[in-house]
Amino acid sequence: MKNYWLMKSEPSEVSVDDAIAAPKSTVAWTGVRNYQARNYMRDLMRVDDGVLFYHSSCAEPGIVGIGRVASTPYPDPTQFDKKSHYYDAGSKKEEPRWQLVDVQVLKKIPNITLPELRARPELAAMLVLKKGNRLSITPVEPKHWKAIVGKS
DNA sequence: GCCAACGTTGGC
DNA sequence: GCCAACGTTGGC
């Protein structure tokens with residue numbers, strides 16, 4: 001059974017257009033440094049899970065693309081890169097702390113903005129809409145996926 | 001730039 | 001294990 005996810009990206013770092021322009025429209029989801037979000041990628045994501053690509057920390061936050069999980073988990077290379085903003089001196093190669101998956105964007109969609117998401121009562125329970133939510137990756141219920149994407 | 005909310009760190 | 005201080009996220 002497929003799972004569904006909402007994954008936040010700052011468009012100033014990796015926008016949906018950047019992802020589409022990448023080879024196979026696929027990007028490695030680097031830079032997650034939150035254990036719960038990591039655990040979702042490492043323990044619960046499967047290839048072909050659905051992904052809502054969300055732009056955060058920008059002028060118009062919202063869902064801008066539909067994609068899929070395109071790899072099994074593997075170590076985030078940026079944790080070992082001393083020049084990277086995401087370098088983690090505490091992570092050892094033999095025992096990497098941070099794992100990620102590849103995400104393939106299948107379709108860019110017109111931005112469904114935060115206010116638009118909030119205006120839809122059937123989406124009110126989405127975790128991303130909860131007050132104080134900061135998790136960059138959240139599970140999405142099938143009914144919410146269907147309400148946004150159409151038939152699964 | 002502000003600030004609420006939340007996660008992490010570290011002293012005890 | 002508690003919890004205050006601090007750092008980060010992310011909308012506005």
Side-chain angles (χ1 to χ4, degrees), chain A residues 3-22 25-45 49-71 73-145 147-149:
Chain A
N3 289 317
Y4 302 100
W5 308 94
L6 182 142
M7 301 178 75
K8 296 180 187 172
S9 183
E10 300 187 15
S12 60
E13 293 216 7
V14 181
S15 70
V16 69
D17 290 324
D18 294 336
I20 285 173
S25 300
T26 298
V27 289
W29 210 261
T30 54
V32 169
R33 295 295 180 267
N34 169 284
Y35 288 104
Q36 195 171 350
R38 178 207 63 182
N39 292 348
Y40 286 143
M41 292 198 284
R42 188 190 64 183
D43 304 333
L44 296 178
M45 283 192 186
D49 278 1
V51 173
L52 300 174
F53 195 110
Y54 180 94
H55 279 173
S56 68
S57 295
C58 58
E60 286 212 296
I63 296 168
V64 292
I66 310 298
R68 62 185 275 274
V69 174
S71 79
Y74 62 97
D76 181 342
T78 64
Q79 70 194 303
F80 304 122
D81 178 1
K82 286 195 174 138
K83 295 190 293 284
S84 169
H85 175 62
Y86 299 114
Y87 177 66
D88 181 353
S91 181
K92 303 186 190 69
K93 285 240 166 153
E94 320 82 65
E95 207 180 327
R97 181 175 292 170
W98 305 109
Q99 304 263 122
L100 52 68
V101 298
D102 290 342
V103 173
Q104 179 177 34
V105 175
L106 300 171
K107 187 168 66 163
K108 185 179 173 179
I109 61 172
N111 191 352
I112 309 173
T113 65
L114 249 194
E116 286 166 3
L117 291 168
R118 292 194 195 285
R120 293 174 61 177
E122 74 273 23
L123 301 180
M126 285 188 76
L127 292 175
V128 73
L129 302 181
K130 289 258 162 91
K131 182 178 178 182
N133 161 74
R134 299 188 331 179
L135 254 191
S136 65
I137 299 175
T138 47
V140 172
E141 293 179 37
K143 64 181 175 187
H144 295 146
W145 174 271
I148 292 166
V149 179

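Remember, predicted model here, so these are calculated numbers, not experimental data. Each chain gets a letter, A, B and so on, in the order its sequence line appears, and its residues count up from 1.
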Worksheet item: Below 6.0 angstrom between ring centroids: does that apply to Y40(A) and W29(A)?
Response: no

Response to the item:
Sorted by chain and residue number, the ring pair (Phe, Tyr, Trp, His ring centres under 6.0 Å) partners of H55(A) (sequence neighbours excluded) come out as F53(A)

Worksheet item: So which of residues 118-125 of chain A are in contact with DNA chain B, with a heavy-atom cut-off of under 4.0 Å?
Response: none

Worksheet item: Salt bridge between R33(A) and D76(A), side-chain N to carboxylate O under 4.0 Å?
Response: yes

Discussion item. With salt bridge (Lys or Arg N to Asp or Glu O under 4.0 Å) as the rule and sequence neighbours excluded, what pairs involving residues 111-127 of chain A come up?
Written reply: R120(A)-E122(A)

Discussion item. Check whether N39(A) reaches the backbone of Q36(A) with its side chain - one donor and one acceptor, N or O, closer than 3.5 Å.
Written reply: no

Worksheet item: Which pair of non-hydrogen atoms, one from I137(A) and one from A37(A), has the smallest distance, and what is that distance?
Response: CD1-O, 3.9 Å

Worksheet entry | Among V51(A), N3(A), I66(A), side chain to side chain contact (heavy atoms under 4.5 Å, CB included) partner for W145(A) | I66(A)

Item to complete: Please answer whether the main-chain N or O of L135(A) pairs with a side-chain N or O of K8(A) as donor and acceptor at a distance below 3.5 Å.
Response: yes

Worksheet entry | salt_bridge(D49(A), R68(A)) N-O dist < 4.0 Å | no

Practice prompt. Just jot down the ring pair (Phe, Tyr, Trp, His ring centres under 6.0 Å) partners of Y86(A), sequence neighbours excluded, or say none.
Written response: none

Discussion item. To the nearest 10°, give me the bend of the helix from dG1(B)-dC12(C) to dC12(B)-dG1(C), comparing the axes of its five terminal pairs at either end.
Written reply: 10°

Worksheet, complete the sentence: Scoring nucleotides 5-10 of chain B by protein non-hydrogen atoms under 4.0 Å (B base, S sugar-phosphate only, - none) yields BBSS--

